[in-house]
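Structure first, commentary second.
The chain is numbered in sequence order, starting from 1.
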Amino acid sequence: QLEFITPFQLYFNPDLIFRKFQIWRLITNFLFFGPLGFSFFFNMIFLYRYCRMLEEGSFRGRTADFVFMFLFGGFLMTLFGLFASLFFLGQAFTIMLVYVWSRRNPYIRMNFFGLLNFQAPFLPWVLMGFSLLLGNSIIIDLLGIAVGHIYYFLEDVFPNQPGGKKLLLTPSFLKMVFDTPEEDPNYNPLPEDRPELQPRDQDQHEQQHPQ
């Protein structure tokens, strides 16, 4: 917005990425949501809201898995972007988060601007219809829905099928970086570090030194 950089320095361009080594475009194309306006704030609100609800809900205590979902979704969208003329993928990423949240919360009732009442799984499709009304291309929304469905199927559906197994395994280095290390079951803390023993110790002290 301050014109220090332009969208032409940020958009997804495979030729510039692989021939000019402008690697930053792999990330910056997810971070631009257009000029300030209704569409920009609309995307910001939904990105913040559903990213937060996922982090505090089904991904609580699983930060590494949350980051891995970001990387997996971004990789698939980038792969698709190599074969399609897509310049910015941030909106598709937002729709992916909305889709995953909506499928994991199927019984929540939604209200869209006081006009529509529907179950949560229909939310991505309602957003796509709203985007169509604004005159935007729905290719980005369909990409976000497709990637969100692939992640949801591989993470939540296929492992629970007969003969199914978990295919999306979070790399151990992500768990090492983002997750709290598990406590050693053989670790025996000092008495002063064990608050559950302090009242008993205090009673013994009073018995040994009565007033």
Could you tell me whether [X] atom [atom1] has more than 12 heavy atoms of other residues or ligands within 6.0 Å of it?
{"X": "Arg109", "atom1": "CZ", "result": "yes"}
{"X": "Phe38", "atom1": "CZ", "result": "yes"}
{"X": "Phe40", "atom1": "CZ", "result": "yes"}
{"X": "Trp24", "atom1": "CH2", "result": "yes"}

Might you point out which heavy atoms bring [X] and [Y] nearest each other, and give the distance in Å?
{"X": "Asn105", "Y": "Ala120", "result": "O-CB, 3.1 Å"}
{"X": "Lys166", "Y": "Pro159", "result": "CA-CG, 3.9 Å"}
{"X": "Phe118", "Y": "Phe122", "result": "CD1-CB, 4.0 Å"}
{"X": "Pro106", "Y": "Pro121", "result": "O-CD, 3.4 Å"}
{"X": "Thr28", "Y": "Leu10", "result": "OG1-O, 2.9 Å"}
{"X": "Asp141", "Y": "Leu127", "result": "OD2-O, 4.3 Å"}

Notebook entry, point to check: Arg25 side chain to Phe12 main-chain N or O, any donor-acceptor pair under 3.5 Å?
Noted result: no

Check: Side chain of Asp179, backbone of Ala64: donor and acceptor closer than 3.5 Å?
Finding: yes

Check: Strictly under 6.0 Å, is that where the ring centroids of Phe42 and Phe130 end up?
Finding: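 Here the rings of Phe130 and Phe42 have centres that are less than 6.0 Å from each other.
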
Next item on the list: Identify the residue among Phe46, Tyr50, Tyr151 that makes a ring pair (Phe, Tyr, Trp, His ring centres under 6.0 Å) with Trp101.
Entry: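 Exactly one option meets the ring pair (Phe, Tyr, Trp, His ring centres under 6.0 Å) with Trp101, and it is Tyr50.
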
Taking the inter-plane angle between the rings of [X] and [Y] on a 0 to 90° scale, is it parallel (under 30°), tilted (30 to 60°) or perpendicular (over 60°)?
{"X": "Phe70", "Y": "Phe93", "answer": "perpendicular"}
{"X": "Tyr99", "Y": "Tyr152", "answer": "perpendicular"}
{"X": "Phe158", "Y": "Phe153", "answer": "tilted"}

Next item on the list: I would like to know whether Asp156 and Arg103 meet salt bridge (charged side-chain N to carboxylate O under 4.0 Å, His left out); could you show each step before the answer?
Entry: CA-CA 10 Å; Asp156 294 12; Arg103 293 303 298 266; over 6 Å; no

Item checked: Test side-chain contact (heavy atoms from CB on, under 4.5 Å) applied to Leu16 and Phe8, step by step -> CA-CA 11 Å; Leu16 294 178; Phe8 295 103; over 6 Å; no

Pairwise distance [atom1]([X]) to [atom2]([Y]) - rounded to 0.5 angstrom:
{"X": "Leu142", "Y": "Ile138", "atom1": "CG", "atom2": "CD1", "value": "4.5 Å"}
{"X": "Leu143", "Y": "Leu89", "atom1": "CG", "atom2": "CG", "value": "6.5 Å"}
{"X": "Leu97", "Y": "Tyr48", "atom1": "CG", "atom2": "OH", "value": "14.0 Å"}
{"X": "Ser58", "Y": "Met69", "atom1": "OG", "atom2": "CE", "value": "7.5 Å"}
{"X": "Met128", "Y": "Ile95", "atom1": "CE", "atom2": "CD1", "value": "9.5 Å"}

Notebook entry, point to check: How would you list, by chain and number, every residue that makes a side chain to side chain donor-acceptor pair (under 3.5 Å) with Lys20, sequence neighbours excluded?
Noted result: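 Result, side chain to side chain donor-acceptor pair (under 3.5 Å) vs Lys20: none returned.
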
Margin query: According to ring pair (Phe, Tyr, Trp, His ring centres under 6.0 Å), who are the partners of Phe32, at least two apart in sequence or on a separate chain?
Written below: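 If we apply the ring pair (Phe, Tyr, Trp, His ring centres under 6.0 Å) test to Phe32, skipping adjacent residues, the hits are Phe88.
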
Next item on the list: Check the pair Phe68 / Arg62 against side-chain contact (heavy atoms from CB on, under 4.5 Å), numbers first and verdict last.
Entry: CA-CA 10 Å; Phe68 183 63; Arg62 300 168 53 214; over 6 Å; no

Check: Would Leu174 and Leu71 count as a side-chain contact (heavy atoms from CB on, under 4.5 Å) if you check the C-alpha gap in whole Å, the side-chain angles of each, and the deciding distance to 0.1 Å?
Finding: CA-CA 11 Å; Leu174 287 179; Leu71 297 176; 4.0 Å; yes

